[in-house]
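Report on one structure; see the data block that follows.
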Amino acid sequence: MSADPILLTPGPLTTSVRTKQAMLHDWGSWDADFNAITARVRDSLVRIVHGEATHECVPLQGSGTFAVEAAIGTLVPRDGHVLVPLNGAYCQRIAKICKILGRRLSTIEYGEDQQVRAADIAQRLLEDASISHVALVHCETSTGILNPLQEIAQVVARHGKGLIVDAMSTFGALEIDARTTPFDALIAASGKCLEGVPGMGFVLARRAVLEQREGVSHSLAMDLYDQWVYMMRTTQWRYTPPTHVVAALDAALEQYFDQGGLAARGAAYAENCRVLIAGLNRIGLRVFLPSEIQAPIIVTVHAPDDPRYQFKRFYDAVKARGYILYPGKLTTVETFRVGCMGQLGASGIGGAVDAIDAVLVDMGIQTRHPERQRA
Ligand SMILES: *Cc1c(COP(=O)(O)O)cnc(C)c1O
């Protein structure tokens, strides 16, 4: 197991041995032991956002996008109107979901290095009273930019609209408190900051809203209302659950709470991010975002400005040194990404910087570092 390269990707990421070991069993989907695991996981997920009094956790089979699509499809009425501020690929994905599901859509466009502004949302809500929901991505994993969730949640609540938050890459590491940050739905998944394995998404939905969403979904399998009601009635999942994924998430959550929960996870990622950026700067690589708007989740790095740089060769060489990088997702500038999350092994994120450094030297690639410049 230790021979696997370390994943510097924002899910799937490198999980602990204990989390992997939790999958060495088989469970019956009807069995009370498995249903107790499901119940425990759902309770823990609600507890992380302090939503016990107001919110319900509805898990869903599949990757994170399945849960986002299910949330829009179930929680936004068919005649609803969704405002999606766009500053990256995951907001674009939400906009596409709205189009495919036939929900009326409005957007506000930003550059990929610009945060969404609460004042712009307020303005649009004032101008167009037909907007019923705002759908926001908390950390745009495509760049690593953090959007000001708390401010935006206040604006949306003040206008009496519903907020749907894709908190996929922040849930469990950055503080979100349902008692002070009002949202109708917050969506995340098993294989991100909670450090489980991928395969289960979940929606923390406001109970008072969910109760009114019978028959709204366009889809049978993606209907969160049905999934919730069935689970409440039977304790079971509607349709075959990803049993091993749920068991691994249960183990990952146990370790998460043992290690100090959100504060500890957030601090560990912030330290990884700090060491990573300092290390990249030291070897002459430039990060894409200013640190004030950088979430401690994933860092976008400008590719070295050298014709010898080619992502695939660079990637393969870094992989041979034990680390898996993530390609960039910007259309206009060449970048690569490095995740700050997961079990990073004994040498930590510093080991990743060393591997990147060694590969740049091996490939004779010039960076902004004074000693790496050629005449
Ligand atoms: C990972 C992620 C998703 C879900 O992506 P999947 O590939 O479906 O798991 C959605 N939004 C954000 C911000 C993410 O980081």
Side-chain angles (χ1 to χ4, degrees), residues 10-11 58 60 62-118 120-121 124-125 128 130-153 155-156 159 161-171 174 176 181-189 191-192 198 201-206 209-210 213 216-219 222-224 295 297-298 329-331:
V58 189
L60 186 70
S63 85
T65 305
F66 289 64
V68 176
E69 182 164 333
I72 305 269
T74 304
L75 299 173
V76 178
R78 294 193 189 190
D79 61 354
H81 179 179
V82 187
L83 175 63
V84 185
L86 299 174
N87 66 345
Y90 289 98
C91 329
Q92 295 282 1
R93 190 177 294 177
I94 293 179
K96 192 168 177 185
I97 288 170
C98 291
K99 282 185 202 158
I100 289 175
L101 300 189
R103 297 300 188 277
R104 192 170 160 203
L105 169 72
S106 290
T107 59
I108 307 179
E109 310 230 351
Y110 296 92
E112 285 179 303
D113 56 353
Q114 275 188 304
Q115 284 181 306
V116 174
R117 282 183 298 262
D120 298 340
I121 306 273
R124 286 297 279 276
L125 293 179
D128 189 345
S130 72
I131 294 168
S132 58
H133 293 78
V134 174
L136 179 78
V137 175
H138 190 198
C139 165
E140 244 305 341
T141 320
S142 54
T143 55
I145 196 169
L146 186 66
N147 284 319
L149 169 60
Q150 171 62 8
E151 258 180 277
I152 291 168
V155 163
V156 174
H159 285 81
K161 311 297 184 179
L163 178 66
I164 295 174
V165 187
D166 172 350
M168 207 70 67
S169 62
T170 53
F171 182 88
L174 299 192
I176 301 170
T181 303
F183 56 80
D184 274 8
L186 188 135
I187 308 143
K192 302 238 174 176
F202 55 91
V203 179
L204 303 175
R206 186 180 295 286
V209 171
L210 188 58
R213 292 299 187 261
V216 169
S217 177
H218 60 292
S219 162
M222 310 269 277
D223 186 337
L224 293 180
I297 300 297
I298 187 165
K329 215 174 178 146
L330 298 178
T331 45

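We count residues from 1, following the sequence as given.
Counting heavy atoms from C-beta outward, F183 and I176 have side chains that approach closer than 4.5 Å. Counting only heavy atoms from C-beta outward, the side chains of L174 and L146 approach each other to under 4.5 Å. Looking only at side-chain heavy atoms (C-beta outward), H133 and H81 stay at 4.5 Å or farther from each other. Put simply, the side chain of T74 does not reach to within 4.5 Å of the side chain of M222, judged on heavy atoms. Between L75 and D184, every side-chain heavy-atom pair lies at or beyond the 4.5 Å cut-off.
Rounding to the nearest 0.5 angstrom, the gap separating the CD1 atom in I297 from the OG1 atom in T143 is 12.0 Å. Distance check: E69 CD to L101 CG gives 5.0 Å after rounding to the nearest 0.5 Å. Separating the CD atom in Q115 from the OH atom in Y110 is a distance of 10.0 Å, to the nearest 0.5 Å. If you take CG on N87 and CG on L136, they are separated by 8.0 Å, rounding to the nearest 0.5 Å. In this structure, OG in S142 is found 7.0 Å from CG in L330, a value given to the nearest 0.5 Å. Taken to the nearest 0.5 Å, the CD1 atom of I152 stands 5.0 Å off from the CD1 atom of I121.
Counting all heavy atoms, side chain and backbone alike, G64 lies closest to A189 at CA-CB, 4.1 Å. The two residues A67 and F202 come nearest to each other via the heavy atoms CB-N, 4.0 Å. Scanning both residues, G73 and V216, for their nearest heavy atoms gives O-CG1, 3.5 Å. In terms of heavy-atom proximity, L105 sits nearest to K99 at CD2-CE, 3.7 Å.
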Side chain to side chain contact (heavy atoms under 4.5 Å, CB included) for R93 and D166? Distances and angles first, verdict last.
CA-CA 11 Å; R93 190 177 294 177; D166 172 350; over 6 Å; no
Please step through side chain to side chain contact (heavy atoms under 4.5 Å, CB included) for the pair R124 and V134, ending with a clear verdict.
CA-CA 10 Å; R124 286 297 279 276; V134 174; over 6 Å; no
Please test L149 against L163 for side chain to side chain contact (heavy atoms under 4.5 Å, CB included), starting from the C-alpha separation and ending with a verdict.
CA-CA 10 Å; L149 169 60; L163 178 66; 4.0 Å; yes
Between F171 and L204, does a side chain to side chain contact (heavy atoms under 4.5 Å, CB included) hold up when you go through it step by step?
CA-CA 11 Å; F171 182 88; L204 303 175; 3.5 Å; yes
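The only option from E112, E140, E109 that meets the side chain to side chain contact (heavy atoms under 4.5 Å, CB included) definition with C91 turns out to be E140. Here the options are V84, I187, I94, the test is side chain to side chain contact (heavy atoms under 4.5 Å, CB included), and the partner is I72; only I94 passes.
Distance alone, capped at 3.5 Å, places no donor-acceptor pair between the R104 side chain and the R78 backbone. Within the 3.5 Å criterion, the main-chain N or O of I131 finds a donor-acceptor partner in the side chain of K161. Checked by atom type and distance alone, the side chain of N147 pairs as donor or acceptor with a backbone atom of V116 at under 3.5 Å. Panel note: side chain R103, backbone P77; a donor-acceptor pair is recorded below 3.5 Å. Looking at S169, its side chain does come within 3.5 Å of a backbone N or O of C139 through a donor-acceptor pair.
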